[in-house]
Enquirer: 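Sharing a structure with you now.
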Amino acid sequence: MDNTENNRSLNFIEEIIEEDLQSGKNNGRIHTRFPPEPNGYLHIGHAKAICLSFGMAQKYNGKCNLRFDDTNPVTEDVEYVDSIKEDISWLGFAWHGEAHYASDYFDQLYEWALKLIRLGKAYVDEGSADDISSDRGTPTQPGKESPYRDRSVEENLDLFMRMKNGEFEDGSKILRAKIDMASPNMHMRDPVLYRIKHAHHHRTGDKWCIYPMYDWAHGQSDYIEGITHSLCTLEFEVHRPLYDWCLDQIAEGPYRPRQIEFARLNLNYTVMSKRRFLQLVCEEYVSGWDDPRMPTICGLRRRGYTPESLRNFVEIVGIAKRENVIELALLEHTVREDLNKIARRVMAVSNPVKVVLENYDPEKVEMMEAENNPEDESAGTREIPFCSELYIERDDFMEDPPKKFFRLSPGNEVRLKNGYIVKCTGFDRDELGQVTEIRCTYDPLTRSGLEGANRKVKSTIHWVSARHAIDVEVRLYDRLFSVPDPDVVEEGKDWKSNLNPDSLKIITAKAEPGLANAKPGEKYQFQRTGYFCVDKDSTPDHVIFNRTVTLKDDWAKIVTRE
RNA sequence: UGUCCGAUGGUGUAACGGUAGCACUGCAGAUUUUGGUUCUGCCUGUUCAGGUUCGAAUCCUGAUCGGACAACCA
C-alpha cells in the first residue's frame, strides 16, 4: 500500500503544498479549512471539497477546521449547521477542535474595517444599489467613481459607526473599499465590504445590523484561524486579488493564508445547486433533502451509498482546474465495488409468478442453507424455507426463449439458488395470455451441497417459498433527470421539465422471511437484481427497501440479446 | 475589441523535454450455484498552425474552442 502511495503522482495542490513545505513556509505547518455557508444541505460536490481539504490535512499531518461562513443571516439556519456537521462526520472526517463561525469574528472584522477607514482605504457610499451597480461598469468598460468616494476619514468613521448603531435603513448605506474603479477585475472596483441588514442572525442574534461581505470575511477568517492553504472552487479565482488585498491591509508579519482554486465536481443527469434543491424540496418534487434521489450527502446515505464509496469516488475522479462532467456510471461503480464486499445476499422476487413442484411432497418443508456473502466467508450462512410452492421472477421464464436466454423455459432445466435443479414441464395462462402458474419437477439428487448438485446447468435463478415469503415495499430509483445536462432547458420551458417522470417506482416484492428482521440502514444485495438499503421509515410490520443501484445496467438487454 | 483560467480516447485523470499510462464506459472471451464478482483481451486520445530542440502532450508565439467575472449572495 505504501509503495503505491509513494509512486502515485501528485495532484497540483499536493505539488503546491510540498513546495511550500520544502521552502519552509509557515514552519512546515499545514492547516486547511472547509467553509460551508449554512444555507442548505451538503451534496456530492461538497464531498469533493471535504475529502480534499480534510484529506490534505491528513496526508501532510496538518489540521482542518470546519468553519461556517455565516455572514448572511437571512439565508442561514441552525438546521443546516447541524446537518452539515452530521454529514461531514458520516463521511468519516473529524474537524480540528470546535466548529468555527465567521460570525465569531464580527468584532475583529469591524475593528479592521475601522482601521481601513482610518487608512483612507474605505468609505461609506450612500448611492442606490442601482446607481452603484451601473457605476461599476461592465467587464469590458471601466467604472465611474462614486460621488461619496472622497469623504473625509472623520465623516466615514462617523457614518460607519452610525451604520453599526442601527441609525440607517437597510440598503441606505454601504462600506466600500477604495481600490480602483477602472480595474479590469470587477471585484477590485471598490467592492462592498459591509451592508446593513436588520436581520436576526442564528448565532449573534440582534447584536449586529451590519454584516461583512464574503470578501471581507473569508480571507480574514482564514488569517485569524492560521489557515495556510485555503482551497476553494474555480469561481473564486477572480476574487483572489481581492482576497490578497484585504489581507495585506490588516496582516502583520509575513504569514498569509494562500487561496488555491480547483474545478468543482459536475455529474451528468444531475443538478448540483442548493438553490435548485431547495425548489425541489419546497415544491415537493422530492420528499425532502434526504430523498434518495437527491445528490445530497443525506440523500445518498439514505439511498444506501457508503462513506467509503464516496471517498473512493472523489479519489478516482481526481483534481484539476479544467471543467469536467463525471459520468454517473463512475459513481455507481464505486458504490457497487464497496457494496459487493459488504452487502448480504438475499433472495427477493420483485415480479412474482408461481411455480409448483409436481413431484415434491406438498406437506414437506426443507431448510436450505445459504451463504450470506460469497465475498466474505465471515458473514456466515442462514437457512431459508423451501417447499412445493415457490415464487420466481416472471422475467426468468419464457415460453419461446431467444437464443441466449438461459433461464426457465418449457423442457429446460435451471438451478434454484441454494436449492434443487428443476425442469419445466408445463404452465398455465389466463385469458389475457399472462402466465399464471409454472409446473416443474425437481431432481432430489441435486439439492445444494449434495454430490448430484455438481451437474452443470446453464443458469441459476432466485426464488422464495410462496408459503413463507413476506411482502416488502421496494422503492426503485432511477436518475432524477432524464437528460445528461439538466441545465440545458428547452426554449420556454422550466429546468424542472427535465425531471425524469420514472425516477421512482414503488412495488411490493416477495422476500425470504428472514428479511422481516431487517434493520434500517442495513445493506443487502437482492440476488441477481441490485443493491438495496433498508429505509429509515421501516418497521417490523412494514419493511421498506431503497434500491441503491442495480447490479448491472444492461438487465433489459439480457432477455432480448440475440 | 476587457481581465483571468483552461484544452490529452465516449468520460475523468497521469506523463513536468525522452516508449502517451491508469480508471470508468463499451465490446469480446474464460471462470462462476448470482447473466453478480474475479480474470484475460480489444476499441478509442495529445484542438489547430508555426517556432525552439537530436527529440515537444510538455517550452515559445499566434489562432480556435470552452469556462469564470458586471449580487448590498457565498
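Per chain, numbering begins at 1; letters A, B, ... match sequence-line order. When reading the values below, keep in mind they use all heavy atoms of this one structure, side chains included, and skip hydrogens, waters and symmetry mates.
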Enquirer: Calculate the interatomic distance between A:E261 atom CD and B:G67 atom C1'; express it in whole Å.
Expert: 14 Å
Enquirer: Between B:G17 and B:U58, how many Å separate the two C1' atoms, rounded to a whole number?
Expert: 7 Å
Enquirer: Could you list, one pair per line, each protein nitrogen or oxygen that sits under 3.5 Å from a nitrogen or oxygen of nucleotides 39-43 of chain B, together with the distance?
Expert:
none

Enquirer: Not counting sequence neighbours, which residues clear side-chain contact (heavy atoms from CB on, under 4.5 Å) with A:E323? List them please.
Expert: A:L234, A:N266
Enquirer: With the sugar-phosphate defined as primed atoms, P, OP1 and OP2, and the base as all remaining atoms, what B/S/- string results for nucleotides 15-20 of chain B, 5' to 3', for protein heavy atoms under 4.0 Å?
Expert: -B----
Enquirer: From the options B:C73, B:A14, B:U33, select the nucleotide whose nearest atom is closest to the side chain of A:A320.
Expert: B:A14
Enquirer: Output the rounded distance in Å from CG (A:L265) to C1' (B:U11).
Expert: 13 Å
Enquirer: Using Watson-Crick or G-U wobble geometry with both distances under 3.5 Å, which nucleotide pairs with B:G21?
Expert: B:U13
Enquirer: If you go through the side-chain atoms of A:S448, does one of them form a donor-acceptor pair with the base of B:U33 closer than 3.5 Å?
Expert: yes
Enquirer: Give the C-alpha distance, both sets of side-chain angles, the deciding distance and a yes or no for side chain to side chain contact (heavy atoms under 4.5 Å, CB included) between A:M368 and A:S448.
Expert: CA-CA 8 Å; A:M368 299 302 198; A:S448 190; 5.7 Å; no
Enquirer: Between B:A23 atom C1' and A:I316 atom CD1, what is the distance in whole Å?
Expert: 6 Å
Enquirer: Any residue in residues 169-183 of chain A with a heavy atom nearer than 4.0 angstrom to RNA chain B? Just list them by number, or reply none.
Expert: A:G171, A:I174
Enquirer: Does NZ in A:K523 sit with more than 12 non-hydrogen atoms of other residues, nucleotides or ligands closer than 6.0 Å?
Expert: yes
Enquirer: Would you please confirm or rule out a distance under 4.0 Å between OP1 or OP2 of B:U34 and any side-chain N or O of A:T529?
Expert: no
Enquirer: At 4.0 Å (heavy atoms only), tell me whether A:S134 reaches a base, stays on the sugar-phosphate, or touches nothing.
Expert: nothing
Enquirer: With respect to the phosphate group of B:G35, does any side-chain polar atom (N or O) of A:R528 fall under 4.0 Å of OP1 or OP2?
Expert: yes
Enquirer: Counting only distance, no hydrogens or angles, is the base of B:G36 paired donor-acceptor with the side chain of A:R336 under 3.5 Å?
Expert: no
Enquirer: Round to the nearest Å and state the distance from A:N340 atom CG to B:G35 atom P.
Expert: 14 Å
Enquirer: State whether the distance check finds a donor on one side and an acceptor on the other, under 3.5 Å, for side chain A:E371 versus base B:U33.
Expert: no
Enquirer: What does the B/S/- profile of nucleotides 3-9 of chain B look like, 5' to 3', with a 4.0 Å heavy-atom cutoff to protein?
Expert: S-SSSB-
Enquirer: Nearest-Å distance, NE2 (A:H239) to P (B:C73)?
Expert: 13 Å
Enquirer: Measure the acute angle between the ring planes of A:H100 and A:Y105, then classify it against the limits of 30° and 60° as parallel, tilted or perpendicular.
Expert: tilted
Enquirer: Just the rounded figure in Å: distance from C1' of B:U34 to OH of A:Y524.
Expert: 18 Å
Enquirer: With no angle test and no hydrogens, is the base of B:G10 tied to the side chain of A:E327 by a donor-acceptor pair under 3.5 Å?
Expert: yes
Enquirer: Using the test side-chain contact (heavy atoms from CB on, under 4.5 Å), find all partners of A:D87 that sit at least two apart in sequence or belong to another chain.
Expert: A:L42, A:I297, A:C298, A:R301
Enquirer: Is A:K417 close enough and on-axis enough to A:W463, meaning under 6.0 Å and within 45°, for cation-pi?
Expert: no
Enquirer: Rounded off to whole Å, could you give me the CD1-to-C1' distance for the A:I44 and B:G12 pair?
Expert: 14 Å
Enquirer: B:U11 P sits how many Å from A:N266 CG, rounded?
Expert: 14 Å
Enquirer: Would one find a side-chain N or O of A:T140 under 4.0 angstrom from OP1 or OP2 of B:A70?
Expert: no
Enquirer: Is there a Watson-Crick or G-U wobble partner for B:C27 with both distances under 3.5 Å, and which nucleotide is it?
Expert: B:G41
